[in-house]
Protein chains: 2
Amino acid sequence: MRSYNQYCGLARGLDVIGDRWVLLIVRELLPGPRRYGELHDGLPGIATNLLAERLRTMQERGLVEKLDDDRYALTELGEGLREVLYAIGRWAYPLMGEQEPDEAFRSHWIVHPISAMFPGIDESRPEVTIEVRCGDTPMTIRSHAGAVTAQHGPAPAPDVVLTGPPDAVVGFIAQRIDRAEAEKRGLAVAGDVRALKRLRPAVPTARRTSA
Amino acid sequence: MRSYNQYCGLARGLDVIGDRWVLLIVRELLPGPRRYGELHDGLPGIATNLLAERLRTMQERGLVEKLDDDRYALTELGEGLREVLYAIGRWAYPLMGEQEPDEAFRSHWIVHPISAMFPGIDESRPEVTIEVRCGDTPMTIRSHAGAVTAQHGPAPAPDVVLTGPPDAVVGFIAQRIDRAEAEKRGLAVAGDVRALKRLRPAVPTARRTSA
DNA sequence: CTGCATCCGGGCCGATACTG
DNA sequence: CAGTATCGGCCCGGATGCAG
């Protein structure tokens, strides 16, 4: 992208991250290093030449590095974009209605809203394992030792199994819609749902505004 | 911009704000409503047809509204992008070296880094008025009743007058560079600088990471 | 003069085909 | 699997025109 040529933090930042697909590539790399094909799978709609070209310029700009095993990883600078992505995600939440017919979905995308909703360590969180089945691959969300994490694959012994479309699943975990509403949107619940209710998501609008 | 067609908060958000110039237009409107010509002046490099087209689609998407006096203003949704802009600005700060020869600058842009550095109300802040002369128009930064505000125009009776290139001025106010370094970069200081030191900017990396 | 609309050249994007 | 090559089309940028 052509530079804005403005001596302004926002403009200079956008010179680096404003190109199409760049922040979505960062989204794919935030959970950890990925190979070219994995990135391509996680970015439905991207042209293969564009992915290659973006990865090249993102390396030049210090956002991404290529590991010895040929996987791509975020640098420290690139990792710093997590706050930018989460800010956009929080802002865009009201825009998230139901999934449109032509919209692609990958189950691993829910890692980010889940992480943003249950940040940091909270010892009072219950121990709970949730298996989520929406989209291409089952995901396991685990609250353990006060931290909430998510990873690919089914859970060996889940306390709860949630099956359904992404908006119903994520909305229900975040407790932004109740069970009746979630089931109306296609959610199926198996197992003991009580522990889930004690996960206590961060208040959606909790933002520090004064020093 | 063509939609990403991904059911993901980041992707849907970027469908709305990912177009070139959109976030810079938000930057111009965050301090308050502006007329078309004022926007054009504050966005050096934008083509006039693009500004018109962006304002049109930003209205359609609910970011901007046109007031009765023909000025453009942010809606509540658009105002919500402040956190996104500040997140990008914080991230981009390490990219802000000196101003390049071909980079444009407008003095009112410093309102945002200043606001981001001295957020909210802090009763212990000293009363101080600073006149800043860098760029096209003098700006007045005022710490009053615990709040730090900035506006166009010279100050009637400033405690301090700072003259010089933007990187030196902003870096010095933020206390990220000391006076010697700032003067080496071209800063000229007039008046009593002691009150300024007690403004106590927010810690640059002060971010809540755990609930 | 302000606030756009029109036109045109160039660059970026998207889709497909192809290669080691 | 991991890209490269190519090409049509759309978007962007700059100049210009024009109505109130």
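Just so we're on the same page: letters track the sequence lines, and every chain starts at 1. Just so it is clear, the model here is predicted, and its values are computed rather than measured.
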Nearest to the [X] side chain among [options], which nucleotide is it?
| X | options | result |
| --- | --- | --- |
| Arg35(B) | dT4(D), dA2(D), dG3(C) | dG3(C) |
| Tyr36(A) | dA2(D), dT16(D), dG13(D) | dA2(D) |
| Asp19(A) | dA15(C), dC13(C), dA15(D) | dC13(C) |
| Arg2(B) | dG14(D), dT4(D), dG14(C) | dG14(C) |
| Asn49(A) | dC13(C), dC12(D), dT4(D) | dT4(D) |
| Arg54(B) | dA2(D), dC12(D), dA5(C) | dC12(D) |

So what does [X] touch, heavy atoms closer than 4.0 Å: a base, only the sugar-phosphate, or nothing?
| X | result |
| --- | --- |
| Arg71(A) | nothing |
| Ala52(B) | sugar-phosphate |
| Asp41(A) | nothing |

Rounded to whole angstrom units, what separation is found between the [atom1] atom of [X] and the [atom2] atom of [N]?
| X | N | atom1 | atom2 | answer |
| --- | --- | --- | --- | --- |
| Leu51(A) | dG3(D) | CG | C1' | 9 Å |
| Asp15(B) | dC13(C) | CG | C1' | 15 Å |
| Met58(B) | dC4(C) | CE | P | 14 Å |
| Leu55(A) | dA2(D) | CG | C1' | 11 Å |
| Ile46(A) | dA15(C) | CD1 | P | 11 Å |
| His40(B) | dA15(D) | NE2 | C1' | 12 Å |
| Leu50(B) | dT6(C) | CG | P | 14 Å |
| Glu53(B) | dC12(D) | CD | P | 7 Å |

Inset, instruction - Please work out which of the three classes, parallel, tilted or perpendicular, describes the rings of Tyr4(A) and Trp21(B), given edges at 30° and 60°. - result: perpendicular
Legend entry - Parallel, tilted or perpendicular, as decided by the 30° and 60° cut-offs, for the rings of His108(B) and His152(B): tilted
Legend entry - Inter-end axis angle, the helix from dC1(C)-dG20(D) to dG20(C)-dC1(D), with every axis fitted to five base pairs (rounded, 10 degrees): 30°
Inset, instruction - Let me know, please, whether Tyr72(A) or Trp21(B) comes out on the 5' side of the other along DNA chain D by nearest nucleotide. - result: Tyr72(A)
Inset, instruction - Please tell me which of Gly37(A) and Gly45(B) maps to the more 5' nucleotide of DNA chain D, matching each residue to the nucleotide holding its nearest heavy atom. - result: Gly37(A)
Look at the side-chain N and O atoms of [X] and state whether any lies under 4.0 Å from the OP1 or OP2 oxygen of [N].
| X | N | value |
| --- | --- | --- |
| Arg34(B) | dT2(C) | no |
| Lys66(B) | dG3(C) | no |
| Arg20(B) | dG13(D) | yes |

Inset, instruction - Decide yes or no, distance alone: a donor-acceptor N/O pair under 3.5 angstrom between the base of dG3(C) and the side-chain of Asp70(B). - result: no
Legend entry - Full working for salt bridge (Lys or Arg N to Asp or Glu O under 4.0 Å) between Arg185(A) and Glu181(A): CA-CA 6 Å; Arg185(A) 296 199 200 176; Glu181(A) 171 64 22; 3.0 Å; yes
Inset, instruction - Using a strict cut-off of less than 4.0 Å between a Lys/Arg side-chain nitrogen and an Asp/Glu carboxylate oxygen, indicate whether Arg56(B) and Glu60(B) qualify as a salt bridge. - result: no
Inset, instruction - With Tyr36(B) as reference, evaluate Thr48(B), Asp70(B), Asp41(B) under the side-chain hydrogen bond (donor to acceptor under 3.5 Å, both in side chains) test and give the passing residue. - result: Thr48(B)
Inset, instruction - Kindly compute the distance separating CD (Gln6(A)) from CG (Leu43(B)), expressed to the nearest 0.5 Å. - result: 6.5 Å
Legend entry - Straight-line distance of Leu67(A) CG to Arg34(A) CZ, nearest 0.5 Å: 11.5 Å
Inset, instruction - Assess whether side chain to side chain contact (heavy atoms under 4.5 Å, CB included) is satisfied between Leu23(B) and Ile88(B), documenting all intermediate values. - result: CA-CA 10 Å; Leu23(B) 286 183; Ile88(B) 297 173; 3.9 Å; yes
